[in-house]
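Worksheet: one structure, shown below.
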Amino acid sequence: MPAITLPDGSVRDYPGAVTGTMIAASIGPGLARAALAMEVDGALMDLSREIETDSHVRFITRKDAAALPLIRHDAAHVMAEAVQALYPGTQVTIGPAIENGFYYDFFRNDPFTPDDLPAIEAKMREIIAANAPFTREVWPRDAAIGFFEARGERFKAELIRDLPDGEAITVYRQGEWLDLCRGPHMRATGDIGPAFKLMKVAGAYWRGDHRNPMLSRIYGTAWRDQKELDAHLHQLEEAERRDHRKLGRQMDLFHMQDEAVGSVFWHEKGWRLYRTVESYMRRRQEQFGYREVRTPQLLDRALWEKSGHWENFRANMFIAEVEDEDKILALKPMNCPCHVEIFKHGLRSYRELPLRMAEFGACHRYEPSGALHGIMRVRAFTQDDAHIFCTEDQIASETVRFVDMLRLVYADFGFAEFTVKFSDRPTPRAGSDDVWDRAEAALQSACAQAGVSYALNPGEGAFYGPKLEFVLRDAIGRDWQCGTFQVDFVLPERLDASYITPESSRARPVMLHRAIVGSFERFIGILIENCAGRFPLWLAPTQVAVASIVTDANDYAETVAANLKSAGLSVATDLRNEKINAKIRDLSLSLVPNILVVGRREAEQNTVALRRLGGDAQEMLSLDEAVSILKTEATTPDLR
RNA sequence: GCUGUCAUAGCUCAGGGGUAGAGCACCUCAUUGGUAAUGAGGAGGUCGAGGGUUCAAUUCCCUCUGACAGCACCA
């Protein structure tokens, strides 16, 4: 006699075991038509499942966002059926719902190509039109293994073997086709609806391990209705429109070429942007008590052996040799050992701690070719790196100080929102549990003091200590990990750094590795995508352009430009033999934030007509006014 | 690194076994204009590199390099 409690609090009694379908029907025909699945005491289930005990039940309909994973998962099943119908002999593996859609990994000798997608999608629409019911069956383990092996589905058989004992082996059938699946599913293939699209093919390792066979993965996106699908496709276009590689070319910021894979050729405008970011960071660092240093690019192998990099990071290091000397050098992949060497130069007193050593350190890392991505993931990059040498007691206050600075910097760059991940002790690790307890506790209390809430990222810390990772959210909701803060007890030990305590003895400092923007290359890529090339004025590579209407006004335009320049603004002139319409258009397309239009009238009256990017209004101003307004607006946030 | 796709003018792209085309950008000339394209003309390519097949390869095949997407990687 189960009593079913519904979300509105009402309770219905049933004479015996009931299925979700029956409950929905007893509530009303509308719900019976709309219900796709149900949540029983919080667990998602097929409508066909029987409920025997008192439960809370909530029905999932298409209006419910919880329908999305169901639609996507069902679509993955339908795709697998379509693929096996069209390409017999293809083995199925797994096919989950993911953010925005689904995928299914197949094993076959000839991987799928994009050309195969239309046929598969068409077949899927047939299967959906047939509206075959999904039915759930529980099979004995051996029977399931035997069944899939007999079909040559060795991946499925392996999955079943690896399921924990006691877990029910469930199989879902849709028409003639069936698949091992935990479920749940909707009622029938027709519930998927038409709002899906196959997107791309890709390789993916079986169980995510590169030692395993490469499978052929097909990605699809699926939504509740066409409007949602269109919105998603539009969002993809939006991301493409903001692509820093495209904007970097259009705005003439930088380029990359084959002879320097993974390294950036910064053009004048891009380098101006870079310098703006760098000098801003330099001022902020000075303000927060950092001392800037500069250390070598090429260092002897011996140092890297001592630091542990030769052992742990060798595969990512560029090695250099010279003919006349029997030496092996390496381009530095990190700055930390160099900073320890500076710290060690001469005797350090406890009075100098915390010692905050900063460097815009140019590093090289041999990244796998497939990891490279525009200027976001490169092989030569510059970090806003710093190492804080301090005592254990100082960890908490230094963390607070760092988070204060980071918050300020992110806000200045227009990122109001960021999240924090706390990565605690990994295995294997260096250092005793006692030291880890202290380090983690210090970091935790520091987070509390700094008002930072974080998500735990268990076991993902560095081998030498726990770390915080700071993740930005950009204008279109994408996350970017930039900042990092790591507590290190190991490197000072390995490189034998010490300071003199108040008692005149030697003690090991703790090292805090930290960065805010991470790498300038990556951060600038994020900035470009965040604002879609429309930089806030202080960052804009060209802050204002002066466009003349007639050649008679060219001299005046030059005067205007000179005035702006001496006010510290970055100015371009457009004195071409073109109509003002063409100049406005070209300058607008190149995303120059301000255009000053000058003709005979302005030249006579010593005025300018200001036009802002994105607007079509003009503002008549005296030259002095215009310079002063723009100068104020272009002031970097830390100098306001 | 792995799988797939791709590589043609500065950019965006079309073409295709008989040594190449458009638009924009560029250059020249005319035009001097009032807020998102003035007109005319011109120049510009070893079709990513190397090899093979062929009478003939930019086109077909192989290798390499690089880019793109995903996977793996990302102290």
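Letters A, B, ... mirror the listed sequences (proteins, then strands); counts begin at 1.
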Taking the minimum atom-to-atom distance to the side chain of [X], which one of [options] wins?
X: A/Pro368; options: B/rG1, B/rG4, B/rC26; result: B/rG1
X: A/Ile580; options: B/rG34, B/rG70, B/rG4; result: B/rG34
X: A/His210; options: B/rU35, B/rA72, B/rU38; result: B/rA72
X: A/Leu589; options: B/rU35, B/rA72, B/rA36; result: B/rA36
X: A/Ser588; options: B/rA36, B/rG1, B/rG4; result: B/rA36

Looking across every strand, which nucleic acid part, if any, lies under 4.0 Å from [X] by heavy atom: base, sugar-phosphate, or nothing?
X: A/Met334; value: base
X: A/Gln250; value: nothing
X: A/Ala582; value: sugar-phosphate
X: A/Gly208; value: sugar-phosphate
X: A/Arg611; value: base
X: A/Asn312; value: base
X: A/Lys583; value: nothing
X: A/Tyr103; value: nothing
X: A/Ala547; value: nothing

Between [X] ([atom1]) and [N] ([atom2]), how many Å, whole number?
X: A/Arg576; N: B/rU35; atom1: CZ; atom2: P; answer: 17 Å
X: A/Gln618; N: B/rG34; atom1: CD; atom2: C1'; answer: 7 Å
X: A/Glu602; N: B/rU35; atom1: CD; atom2: C1'; answer: 11 Å
X: A/Leu610; N: B/rG34; atom1: CG; atom2: C1'; answer: 15 Å
X: A/Arg585; N: B/rG34; atom1: CZ; atom2: C1'; answer: 18 Å
X: A/Ile94; N: B/rC71; atom1: CD1; atom2: P; answer: 12 Å
X: A/Lys579; N: B/rU38; atom1: NZ; atom2: C1'; answer: 4 Å
X: A/Leu575; N: B/rG33; atom1: CG; atom2: P; answer: 17 Å

Are [X] and [Y] close enough that their ring centers fall under 6.0 Å?
X: A/Tyr104; Y: A/Tyr219; result: no
X: A/Phe360; Y: A/Phe520; result: yes
X: A/Phe107; Y: A/Phe155; result: yes
X: A/His513; Y: A/His339; result: no
X: A/Phe485; Y: A/Phe422; result: no
X: A/His267; Y: A/Phe254; result: no

Problem - Where A/Ser423 and A/Glu469 come nearest, the two heavy atoms and their spacing - result: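 Minimum heavy-atom contact is OG-OE1, 3.8 Å.
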Exercise for the section: Measure across A/Leu591 and A/Ala532 and return the closest heavy-atom pair with its distance rounded to 0.1 Å. Expected result: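 A/Leu591 and A/Ala532 have their closest heavy atoms at CD1-O, 3.8 Å.
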Practice task
Output all residues satisfying ring-ring contact (aromatic ring centres under 6.0 Å, His included) with A/Tyr205, sequence neighbours left out; order by chain, then residue number.
Solution key: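 For A/Tyr205 there are no ring-ring contact (aromatic ring centres under 6.0 Å, His included) partners, ignoring immediate neighbours.
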Fill in the blank from the handout: On RNA chain B, more 5' by nearest nucleotide between A/Gly615 and A/Ala462 is A/Gly615
Practice task
Nearest-nucleotide wise, let me know which of A/Val598 and A/Thr113 is further upstream toward the 5' end of RNA chain B.
Solution key: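 This one resolves to A/Thr113.
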Handout entry: Pairs touching residues 91-107 of chain A that satisfy salt bridge (Lys or Arg N to Asp or Glu O under 4.0 Å), sequence neighbours left out
Key = A/Asp105-A/Arg217
Interatomic distance at [atom1], [N] relative to [M], whole Å:
N: B/rC6; M: B/rC60; atom1: P; answer: 10 Å
N: B/rA14; M: B/rG51; atom1: C1'; answer: 29 Å
N: B/rG50; M: B/rC55; atom1: C1'; answer: 23 Å
N: B/rG44; M: B/rG10; atom1: C1'; answer: 10 Å
N: B/rG21; M: B/rA9; atom1: C1'; answer: 10 Å
N: B/rC47; M: B/rA40; atom1: C1'; answer: 30 Å
N: B/rG39; M: B/rC24; atom1: P; answer: 9 Å
N: B/rA56; M: B/rU19; atom1: C1'; answer: 9 Å

What does the list of N/O pairs under 3.5 Å between the protein and nucleotides 6-12 of chain B look like, with a distance for each?
| residue | atom | partner | partner atom | Å |
| --- | --- | --- | --- | --- |
| B/rU12 | OP1 | A/Arg249 | NH1 | 2.8 |

Handout entry: More than 12 heavy atoms from other groups under 6.0 Å of CD on A/Glu268
Key = no
Problem - Residues, nucleotides or ligands: over 12 heavy atoms within 6.0 Å of A/Asp162 CG - result: yes
Practice task
Please report the C-alpha distance between A/Thr295 and A/Lys332 in whole Å, then the side-chain angles of each, then the deciding distance to 0.1 Å, and finally whether the side chain to side chain contact (heavy atoms under 4.5 Å, CB included) criterion is met.
Solution key: CA-CA 10 Å; A/Thr295 62; A/Lys332 67 174 169 190; 2.8 Å; yes
Within the pair [X] and [N], is there a side-chain N or O less than 4.0 Å away from OP1 or OP2?
X: A/Arg612; N: B/rU35; result: no
X: A/Arg207; N: B/rA72; result: no
X: A/Asn581; N: B/rA36; result: yes

Practice task
Would you indicate whether the side-chain heavy atoms of A/Arg585 and A/Lys583 approach each other to under 4.5 Å?
Solution key: no
Is it the case that [N] (base atoms only) and [X] (side chain only) share a donor and an acceptor within less than 3.5 Å, ignoring hydrogens and angles?
X: A/Thr551; N: B/rU32; value: yes
X: A/Arg377; N: B/rC73; value: yes
X: A/Tyr366; N: B/rG1; value: no

Practice task
Return each pair, listed once, that meets side-chain hydrogen bond (donor to acceptor under 3.5 Å, both in side chains) where at least one residue sits in residues 598-610 of chain A; pairs must be two or more places apart or across chains.
Solution key: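 Every pair satisfying side-chain hydrogen bond (donor to acceptor under 3.5 Å, both in side chains) with a residue in residues 598-610 of chain A: A/Asp552-A/Arg600.
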Problem - A/Arg365, A/Arg522, A/Met256 screened by side chain to side chain contact (heavy atoms under 4.5 Å, CB included) with A/Val378, the one that passes - result: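 Looking at A/Arg365, A/Arg522, A/Met256, the match for A/Val378 under the side chain to side chain contact (heavy atoms under 4.5 Å, CB included) is A/Met256.
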Exercise for the section: Scan nucleotides 63-69 of chain B nucleotide by nucleotide, 5' to 3', and note B when protein non-hydrogen atoms come under 4.0 Å of the base, S if they reach only the sugar-phosphate, - if neither. Expected result: ---SSSS
Fill in the blank from the handout: Note, RNA chain B 5' to 3' with Watson-Crick or G-U pairs under 3.5 Å encoded as ( ), [ ], | and . gives (((((((..((((....[..)))).(((((.......))))).....(((((..]....))))))))))))....
